[in-house]
Amino acid sequence: MDKHQVAAILDEIGTLLELQGEDAFRCNAYHNGARAIEQLEEDLATVVREDRLGEVPHIGATLREKITTLVTTGHLPFYEELRKKTPPGLFDLLRIPGLGPKRVKLLYDRLGIDTLDKLAQACESGQVAKLKGMGEKMQQKILEGIQSLRQMGSRVRLDQALALASRLIDGLRTAPGIIRMELCGSLRRRRETIKDIDILISSDTPGPIMERFVGLPGVTQVIAHGATKSSVVVQGDGRLSMNADLRIVRDEQFPFALHYFTGSKGHNIAMRQRAQQYGLKLNEYELAGPDRRIRCRHEADLFRALDLAYIPPELRENTGEIDAAAKGTLPKLIEADDLKGVFHCHTTYSDGHNSVEEMARAAQALGLKYLGLADHSQSLTIANGLTPDRIRQQQMEIEQVNKRLKGLKILKGTECDILADGRLDYSDDVLATFDYVVASVHSHFKQSREEMTARIIKAIRNPYVTMLGHATGRLLLKREGYPVDLEAVLQAAAECGTMIEINANPQRLDLDWIHCKRAKALGVKLVINPDAHSSSEIALYHYGVDVARRGWLEKSDVFNTQSLADVTKALAARKSK
Ligand code: DGT
Ligand code: CA
Ligand code: ZN
């Protein structure tokens, strides 16, 4: 059992005792002991073995005995008894602002409340307000707390979390004494959804930085305020709120802490095993052997010390990156600057907010060389899908605007609905007027997996279809994708040379990175599209590049890294087949 696990158990014992109504002195002994163990720089097992726990501040005789039992046997009967006596739901209640162990105990003893649901009911029926020391105001506050807790239990979209995190980073930047500062955790790995924000700083004077952190604008609650670690709740736009953790280490520890807190957990475990093969121990503070410490200035030095190439954070999901880094076969990942254009953007012709020309100017400002406009097709009436007449009108306008533009070309596309039976929403002669066709599912989501798979594969086999749009239709944290056999879809795409979109809109990020990896293995070409509905959304392609990187994709795996000349040639060749 490592020190984090031991510390967590000590902390929990402190809380369990509080819930039993024990006196504060005894409870705090456990909380303080937990913190001391958490901050221990030496290996806990060694300290226990050499019977030196007594030298650790805040560890008295009782804790020494308990910790020794835990570390040597992996169990602690005292703790297990306490747990049995306490309903687990009481811990959920403790997360509500204003509810300490005393009040939770009161609610449990008097009203039998041991879950959030029961507490919500008791508040709604007014029972809580009648308890001694509670009142109407407290009851209302508890109800609000339950609501925000339920919402916070869920994850947050990458773009929203990044926005919140950059606000925190900007607020911290001017704090005195910061040597290095980085975002860690799932944000640094660019996962599509984020549980909490992890920030790491190196400094010799952590105190004032911590003060700044817990007082930053947007911080609505301080969960913990310690010397080297603090946790807060920050409020974003709307009702969005997230937890954020700040850890401060000494600068020589920074590369190790940066690696550790970037994760993922699976990657960390595999790295620790690799270190062990070298007779070294790797943790958040150091890489060290029995009689030496490996000096690392940067994360790259840490990898080098284990004979590994630098592994970019996006790849650290323990899906073979350590092997590849050892063999020197890591991909050279695609970068945002590699993109030369995009293919899936909407204008005011369908449900976009900007005109053809406004979209083109925005793409140009981003340095793109081509912009594919792909408005919705006729049967999608709620999105003002285009009839063949209006297609002609738009294509004429595109030709006009193209004459005025220098350095950027607008390509004529469509986001054509895949009808319920797999046919496309336009006749072949209309389809032939486009430079390319994005085919997407926007209806009949409830089809069976077999029907949906056959429907999509039929579209993929249609020679007019250049690429499949948002392959699963998922809306992150809102709507599951429709049931579909993606493996079969990817195989069909590989056979026909149909491309698959990485929809970069942060609400979708569809194709998922896992399937990008598979698509690449099958030889399917991917294309990163922002699905922009306004000029400012074209830049969303950045999130698609994040997905592509997590999917091990290189520049050559993504179609829109090619020049305008090459793209034009490839599209023309495909049409003439
Ligand atoms: P999330 O759920 O979006 O917050 O994802 P992460 O990866 O940010 O996870 P988090 O915040 O729980 O922890 C941050 C990093 O700390 C994680 O990526 C790896 C490291 N870590 C956390 N718990 C453990 C653990 O039990 N063992 C190891 N080896 N590493 C851990
Ligand atoms: Ca995190
Ligand atoms: Zn679209």
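Positions are given from 1, in the same order as the sequence printed here. Read the numbers this way: they start at 1 and go in the same order the structure lists the ligands and their atoms. All figures in this text were calculated on a predicted structure; none of them were measured in a lab.
Contacts between D245 and ligand 1 below 4.0 angstrom, taking non-hydrogen atoms only, are absent altogether. Contact annotation: for R272 versus ligand 1, heavy atoms closer than 4.0 Å belong to the side chain alone.
Across E501, H344, H470, a single residue satisfies side chain to side chain donor-acceptor pair (under 3.5 Å) together with N529, and that is E501. Between Q507 and the choices D510, N505, N503, the side-chain contact (heavy atoms from CB on, under 4.5 Å) rule is met once, by N505.
Scanning the protein heavy atoms around atom 31 (C) of ligand 1, the nearest turns out to be Y260 OH, 3.5 Å. From the protein, the heavy atom lying nearest to atom 14 (C) of ligand 1 is F261 O, 3.7 Å. Here the protein heavy atom with the shortest distance to atom 9 (O) of ligand 1 is K195 NZ, 4.5 Å. Closest protein heavy atom to atom 18 (O) of ligand 1: G263 CA, 3.2 Å. The protein heavy atom nearest to atom 11 (O) of ligand 1 is D196 OD1, 2.9 Å. Closest to atom 3 (O) of ligand 1, if we only count protein heavy atoms, is S186 OG, 2.5 Å. At the top of the distance list for atom 26 (O) of ligand 1, counting protein heavy atoms only, stands K265 CE, 3.2 Å.
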Report task. Give the C-alpha distance, both sets of side-chain angles, the deciding distance and a yes or no for salt bridge (Lys or Arg N to Asp or Glu O under 4.0 Å) between D43 and K281. Result -> CA-CA 10 Å; D43 179 40; K281 176 186 81 179; 5.3 Å; no

Report task. For salt bridge (Lys or Arg N to Asp or Glu O under 4.0 Å), just list the numbers for R191 and E317, CA-CA rounded to whole Å, side-chain angles, deciding distance to a tenth of an Å, and then say yes or no. Result -> CA-CA 10 Å; R191 263 193 74 168; E317 296 292 344; 5.6 Å; no

Report task. Could you walk me through whether D301 and R304 pass salt bridge (Lys or Arg N to Asp or Glu O under 4.0 Å), step by step? Result -> CA-CA 5 Å; D301 302 325; R304 205 170 298 130; 3.0 Å; yes

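The Ca ion (ligand 2) has an N, O or S atom of D198 inside 3.0 Å of it.
Salt bridge status for E284 with R247: absent, with no side-chain N to carboxylate O gap under 4.0 Å. R83 has no carboxylate O lying under 4.0 Å from a charged side-chain N of E80, or vice versa, which leaves the two without a salt bridge. Taking the charged nitrogens against the carboxylate oxygens, R549 and D546 have no contact shorter than 4.0 Å, which rules out a salt bridge. Ion pairing between a basic and an acidic side chain is recognised when a charged N comes within 4.0 Å of a carboxylate O; R293 and E286 show such pairing.
Atoms of ligand 1 found under 4.0 Å from any heavy atom of S264, numbered from 1 in the order shown, are 18 (O). Contact atoms of ligand 1 toward I194: 3 (O) (distance under 4.0 Å to a heavy atom of the residue). In summary, the atoms of ligand 1 found under 4.0 Å from a heavy atom of G185, numbered by their order in the structure, are 8 (O). For ligand 1 and T262, the ligand atoms under 4.0 Å from any heavy atom of the residue are 18 (O). Contact atoms of ligand 1 toward R155: 1 (P), 2 (O), 3 (O) (distance under 4.0 Å to a heavy atom of the residue). Remark: ligand 1 atoms within the under-4.0 Å shell around heavy atoms of D198 are 8 (O), 11 (O), 14 (C).
When side chains are defined from C-beta on, L19 does not count as touching L82, because their heavy atoms never get closer than 4.5 Å.
Looking at D196 and the Ca ion (ligand 2) together, the shortest N, O or S contact belongs to OD1.
Put simply, the side chain of R189 gets close to the backbone of T262: a donor and an acceptor are under 3.5 Å apart.
The shortest N or O to N or O distance between R189 and ligand 1 is below 3.5 Å.
Atom 22 (C) of ligand 1 is not flagged as protein-proximal [any protein heavy atom, distance under 4.0 Å].
A donor and an acceptor atom, one from each side chain of T86 and Q20, are located under 3.5 Å apart.
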